[in-house]
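Everything on this sheet refers to the single structure shown next.
Since we're looking at a predicted model, the values are computed, not measured. Just so we're on the same page: letters track the sequence lines, and every chain starts at 1.
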Amino acid sequence: MPELPEVETIRRNLEANLLGKTIATLSESTHPRTLRYQVGGIDRLHRDVVGREISAVVRRGKFLWMEFSGIAQRPSGETENTEVPEPDSPPALCFHLGMSGQLRLVEGASPGLRHERLRFTLSDSQALAYCDQRTFGHVETRPLAPTADGYPAGAGTTRAFLPVGLEHIARDVLDPYLDLERVFAKFRSSRRAVKTKLLDQGIVSGIGNIYADEGLFASRIRPFTPAGDLSQREVSRLLEAVAEVMRHALEFGGTSFDKLYVNSWGNPGDFASELNVYGRAGKPCHHCGKPLDKIVIDGRSAVFCSHCEPTA
DNA sequence: AGATACCCCTGTTAGC
DNA sequence: TGCTAACAGGGGTATC
């Protein structure tokens, strides 16, 4: 289940291997759910990406997108409709991996991977395969528009352009331009569980169930504490704890808890063995040895240590 | 606008 | 042993 560290691991894989390359072809077969947000369907996707040179691989929270250079390199024989001028900036190719999406770098002629939904072959015989077992993920092109705050849109770019439709996704917990005052205000004004607020991608993005539980444990805050009961200092400590766990996880290549997450080379991350609480309900706390508790908060499981997380 | 419920999907696991 | 039911997860949508 890819969260920020897993998506960032993939982003770095792709950035190191795709910059400057051109998308040569796009597989015709796909899964309808994968393209459910693609305006114009696969034909439009094809038109938006084939012949484009990848100029950046960008991430905000759990969303990933590729920017293309301005001039399309159409295969010979295909002509552009000169009645319609190229826009200043081509649409971005956007990915959300959901809980089982994978972006894999493979040989262009290699056989299809399990649950492969799309394949972009590249100018150099490589290909990018998009796989998704549970089809919670999606792929689509979106026009770019200036960011509301004027700062770079996310990790991997200095350009302040965000795909249209992602404006509601807040900056993530590792983003230097995250609006902390807004986060504090959103927490302060809510009676909902702090864990629920952490998972709200419109407040601060990139956090899923794993890193929410781990961050709460690290900052010794119980997940069901009403967000508004926390002091600004506590919220600040919590966000820093989440960020620290994520930076640590990034060094391990992310968390592969149930083998659904692998990097672009098909390799799992190594952070699962470092987890303190997620997936460890009933097992002894690594700090105090007491069995970890598991509760349900707003429909999501939450594992915590009632001894080590005293703030309630 | 915030809270809430529900939906999508499938491989794995728990329980009978 | 073999079946069914529950479960996991993120985010979009609809309703209040």
Q. Is a side-chain N or O of A:Arg237 found less than 3.5 angstrom from the main chain of A:Ser219, in a donor-acceptor match?
A. yes
(Q) At 4.0 Å (heavy atoms only), tell me whether A:His138 reaches a base, stays on the sugar-phosphate, or touches nothing. (A) nothing
Q: Looking only at side-chain atoms of A:Tyr278, point me to the closest of B:dC9, B:dG2, C:dA8.
A: C:dA8
Q: Could you tell me whether A:Tyr261 contacts a base, only the sugar-phosphate backbone, or nothing, with contacts defined as non-hydrogen atoms closer than 4.0 Å?
A: nothing
**Q.** Between C:dG11 (C1') and A:Phe95 (CZ): distance, integer Å
**A.** 18 Å
**Q.** side chain to side chain donor-acceptor pair (under 3.5 Å), paired with A:Asp172, selected from A:Arg59, A:Arg60, A:Gln201
**A.** A:Arg59
Q: Starting from P on C:dG10, measure out to CD1 on A:Ile297 and report it in whole angstrom.
A: 14 Å
Q) Does the side chain of A:Gln201 get closer than 4.0 angstrom to OP1 or OP2 of C:dG11 through an N or O atom? A) yes
Q. What nucleotide, of C:dT13, B:dC9, C:dG9, holds the atom closest to the side chain of A:Ser301?
A. C:dG9
Q | Neighbour count above 12 (heavy atom, 6.0 Å) for A:Tyr151 OH | A | no
Q. Is A:Ser100 reaching over with its side chain to a backbone N or O of A:Arg134, donor-acceptor style, under 3.5 angstrom?
A. yes
Q. Between C:dG10 atom C1' and A:His168 atom NE2, what is the distance in whole Å?
A. 11 Å
Q. Where the side chain of A:Phe136 is defined as all heavy atoms beyond and including C-beta, which of C:dG10, B:dA3, B:dG11 is the nearest nucleotide?
A. C:dG10
Q) Which of the following nucleotides, C:dG10, B:dG11, B:dT4, is nearest to the side chain of A:Arg192? A) B:dT4
**Q.** Side-chain (A:Glu214) to main-chain (A:Val242) donor-acceptor, under 3.5 angstrom
**A.** no
Q.
I'd like to know if A:Arg191 reaches the base of B:dG2 with its side chain, counting only an N/O donor and acceptor under 3.5 Å.
A. no
**Q.** Ring-ring centroid check A:Phe217 A:Tyr278, cutoff 6.0 Å
**A.** no
Q: To the nearest Å, give me how far apart CD1 (A:Ile207) and P (C:dG9) are.
A: 15 Å
Q: For A:Lys62 and C:dG9, give me the distance from atom NZ to atom P, rounded to whole Å.
A: 11 Å
Q.
Heavy atoms only, 4.0 Å cut-off, all strands: where does A:His115 land among base, sugar-phosphate and nothing?
A. sugar-phosphate
Q: Kindly indicate whether the side chain of A:Arg300 and the base of C:dA8 share any N or O donor-acceptor pair separated by less than 3.5 Å?
A: no
Q. More 5' along DNA chain C: A:Gly299 or A:Phe63, using each one's nearest nucleotide?
A. A:Gly299
Q. Can you check the A:Asp132 CG to B:dG11 C1' distance for me, whole Å?
A. 13 Å
**Q.** Minimum heavy-atom distance between A:Arg117 and A:Thr135, given as atom pair plus value
**A.** NH2-CG2, 3.5 Å
(Q) Quick check on C:dA8: is either OP1 or OP2 less than 4.0 Å from any side-chain nitrogen or oxygen of A:Lys294? (A) yes
Q) Quick one: is A:Lys186 getting a side-chain N or O under 4.0 Å of the B:dG2 phosphate, OP1 or OP2? A) yes
Q. Over how many whole Å does the gap from A:Ile210 atom CD1 to C:dG10 atom C1' extend?
A. 12 Å
(Q) Measuring to OP1 and OP2 of B:dC9, would you say a side-chain N or O of A:Ser100 lies under 4.0 angstrom away? (A) no
Q. Counting side-chain heavy atoms from C-beta on, which of B:dG11, C:dG11, B:dC9 comes nearest to A:Gln133?
A. B:dG11
Q: Between C:dG9, C:dG11, B:dA3, spot the one nearest the side chain of A:His96, thanks.
A: C:dG11
Q: Could you tell me whether the phosphate oxygens of C:dG10, OP1 or OP2, come under 4.0 Å of any side-chain nitrogen or oxygen in A:Arg134?
A: no
(Q) At 4.0 Å (heavy atoms only), tell me whether A:Ser189 reaches a base, stays on the sugar-phosphate, or touches nothing. (A) nothing
Q) Using a cut-off of less than 4.0 Å, is there contact between a side-chain N or O of A:Lys197 and OP1 or OP2 of B:dG2? A) no
Q: Using atom OH of A:Tyr37 as one end and atom P of C:dG12 as the other, report the distance to the nearest whole Å.
A: 6 Å
